[in-house]
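What follows is a single structure, written as structure tokens, with notes after it.
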Amino acid sequence: MTQMSNSNNCDNCPVHNKENLIKLGLNMEQVDYVITMAGNPNTGKSTVFNNLTGLHQHTGNWPGKTVSRAEGGFIYNEKRYKVVDLPGTYSLLSTSTDEEVARNFILFGQPDVTVIVVDATRLERNLNLALQILEITDRAVLCLNLMDEAKRNNIEIDERALSKELGIPVIPASARRKEGMKELLAAIEEVAAGKYVCKPHKIKSRSIKLNNAISSLASKLAEQFPNLPNLNWVALRLLEGDNSIIEAVQSGELGSINAGDSTVQL
Ligand SMILES: Nc1nc2c(ncn2[C@@H]2O[C@H](COP(=O)(O)OP(=O)(O)OP(=O)(O)O)[C@@H](O)[C@H]2O)c(=O)[nH]1
Ligand SMILES: [Mg+2]
């Protein structure tokens, strides 16, 4: 299956949004799946990225931003993967350009797999961002990196329980020593090809009142921006008063991202 748009309804077809990815500056020729590295700063994202892509990579800037971007690729089981390394962030609330870049890429590019790279020695803190990512996408793999450091500090992590709780594969790794990469690739393929269906942890404790507000706002957004993915998430951000999303609605930018206007820069 080499379809590259998300217009198909089959379980194992790619889900990425090709048009948006091109607007985000990606060369989408000869690509089966798009994956991205996300996580807190200094968790080893670029080390994992380098392990996966080797010399098949190039760097540039995000369109319209001074944030640098590394893009690369690899072939695994005859499928061509495009990999995008995101800047490290503590949240996706767009309080900085880095956060905006990371959030927009996952939200609008809809990668087939988001590899969430976390520091196993700082798991609790790192899971904050992981949970935010799982609010936007349900196709993710948790790379539990720096396991060498965790072991040295006698930190034990029950990966199975964590995987069950998060609803996504959890792969322990020591990227600097290239350990865990084989297992990571296998998990990426399973999620990309729809063989592993993630059931991500979502925050359940919302009140009925809030849920009603989200759904009525989401249906208004759907009228205005018919192709916008993740409407509920966008609605929640508006209710929270996220300025960058409010501005994107007011200026119409949120719609242009999906309306085929290639002049819009995220
Ligand atoms: N001990 C250990 N160090 C690691 C591991 N993976 C990466 N590192 C080191 O951690 C540091 C940061 O790695 P990067 O790959 O640049 O991390 P990053 O997440 O891309 O960082 P930002 O892009 O700045 O957010 C480097 O010195 C790596 O060599 C690992 O598994 N174990
Ligand atoms: Mg990096």
Side-chain angles (χ1 to χ4, degrees), residues 1-39 45-46 48-49 51-53 56-57 62 69-87 92 101-118 129-130 132-143 163 166-171 173 180-202 227-230 233 257-258 266:
M1 197 73 56
T2 51
Q3 291 282 347
M4 280 183 275
S5 76
N6 57 352
S7 54
N8 313 282
N9 287 325
C10 78
D11 288 342
N12 51 7
C13 278
V15 297
H16 63 254
N17 190 322
K18 188 179 172 189
E19 267 184 38
N20 283 353
L21 290 167
I22 292 169
K23 282 178 207 161
L24 287 158
L26 251 69
N27 178 356
M28 287 297 293
E29 277 166 42
Q30 303 196 319
V31 174
D32 293 313
Y33 296 120
V34 176
I35 68 170
T36 191
M37 303 289 142
K45 295 177 295 299
S46 299
V48 175
F49 171 82
N51 287 347
L52 297 183
T53 58
H56 301 283
Q57 52 173 264
W62 288 89
R69 181 186 67 203
E71 186 184 321
F74 64 88
I75 294 175
Y76 182 73
N77 284 345
E78 291 164 22
K79 294 287 184 204
R80 296 156 304 187
Y81 289 79
K82 168 80 76 182
V83 196
V84 177
D85 193 14
L86 291 175
L92 291 182
V101 160
R103 185 200 63 195
N104 284 351
F105 188 78
I106 302 171
L107 187 61
F108 302 122
Q110 295 174 277
D112 298 292
V113 185
T114 298
V115 180
I116 308 168
V117 184
V118 296
L129 175 68
Q132 287 183 31
I133 292 171
L134 294 180
E135 289 288 316
I136 308 185
T137 179
D138 52 10
R139 285 171 161 257
V141 171
L142 193 88
C143 175
S163 169
L166 292 175
I168 60 173
V170 171
I171 309 296
M181 298 298 109
K182 223 175 81 189
E183 293 78 4
L184 183 63
L185 277 172
I188 289 170
E189 184 197 36
E190 292 214 318
V191 174
K195 288 184 239 161
Y196 182 114
V197 180
C198 300
K199 294 199 170 58
H201 177 97
K202 304 266 185 209
N227 299 317
L228 191 70
N230 291 294
W233 190 85
I257 289 161
N258 284 277
L266 295 170

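From a predicted model like this one, the values you see are computed outputs, not experimental measurements.
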Can you list the steps and then say if M28 with V34 is a side chain to side chain contact (heavy atoms under 4.5 Å, CB included)?
-> CA-CA 9 Å; M28 287 297 293; V34 176; 3.6 Å; yes

Apply side chain to side chain contact (heavy atoms under 4.5 Å, CB included) to the pair V141 and I116, showing each step before the final yes or no.
-> CA-CA 6 Å; V141 171; I116 308 168; over 6 Å; no

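One finds the CG atom of L52 at 5.0 Å from the CE atom of M37 (value rounded to the nearest 0.5 Å). Taking CG from L24 and CH2 from W62, the interatomic distance works out to 6.0 Å, rounded to the nearest 0.5 Å. Between E71 atom CD and N27 atom CG the span is 6.5 Å, to the nearest 0.5 Å. The CD1 atom of I133 lies 9.0 Å from the OG1 atom of T137; values are rounded to the nearest 0.5 Å. Taken to the nearest 0.5 Å, the CD atom of E29 stands 9.0 Å off from the NZ atom of K82.
A salt bridge is absent between K45 and D85: the closest approach of a Lys/Arg side-chain nitrogen to an acidic carboxylate oxygen does not fall below 4.0 angstrom.
A donor-acceptor pair under 3.5 Å is formed between the side chain of S163 and the backbone N or O of I168. A donor-acceptor pair is defined here as one N or O able to donate and one able to accept, closer than 3.5 Å; such a pair exists between the side chain of D112 and the backbone of H16. At least one donor-acceptor pair closer than 3.5 Å links the side chain of R69 to the backbone N or O of G25. In this structure, the side chain of T36 engages the main chain of V84 through a donor-acceptor pair within 3.5 Å. Side-chain N or O atoms of N17 include none that pairs as donor or acceptor with a backbone N or O of G109 at under 3.5 Å.
The two atoms that bring I171 and G180 nearest to each other are CG2-O, 3.8 Å, heavy atoms only. Here the closest non-hydrogen pair linking I106 and A38 is CD1-CB, 4.3 Å. Residues L142 and A130 come closest through the heavy atom pair CD1-CB, 4.2 Å. Here the closest heavy-atom approach between residue L184 and residue C143 is recorded as CD1-CB, 4.1 Å. In terms of heavy-atom proximity, F105 sits nearest to L86 at CB-CD2, 3.9 Å. Taking both residues in full, the closest heavy atoms of W233 and L92 are given as CH2-O, 4.2 Å, listed atom of the first, atom of the second, then distance.
Contact of the T114 side chain with the I35 side chain is not registered, since no non-hydrogen atoms from C-beta on lie closer than 4.5 Å.
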For residues 185-200, which side-chain N or O atoms pair as donor and acceptor with protein atoms under 3.5 Å away, sequence neighbours left out?
unit_1	atom_1	unit_2	atom_2	d
E189	OE1	N77	ND2	3.4
E189	OE2	N77	ND2	3.0

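Shown here are the side-chain contact (heavy atoms from CB on, under 4.5 Å) partners of Q57, two or more places apart in sequence or in another chain: F49, N50, T53.
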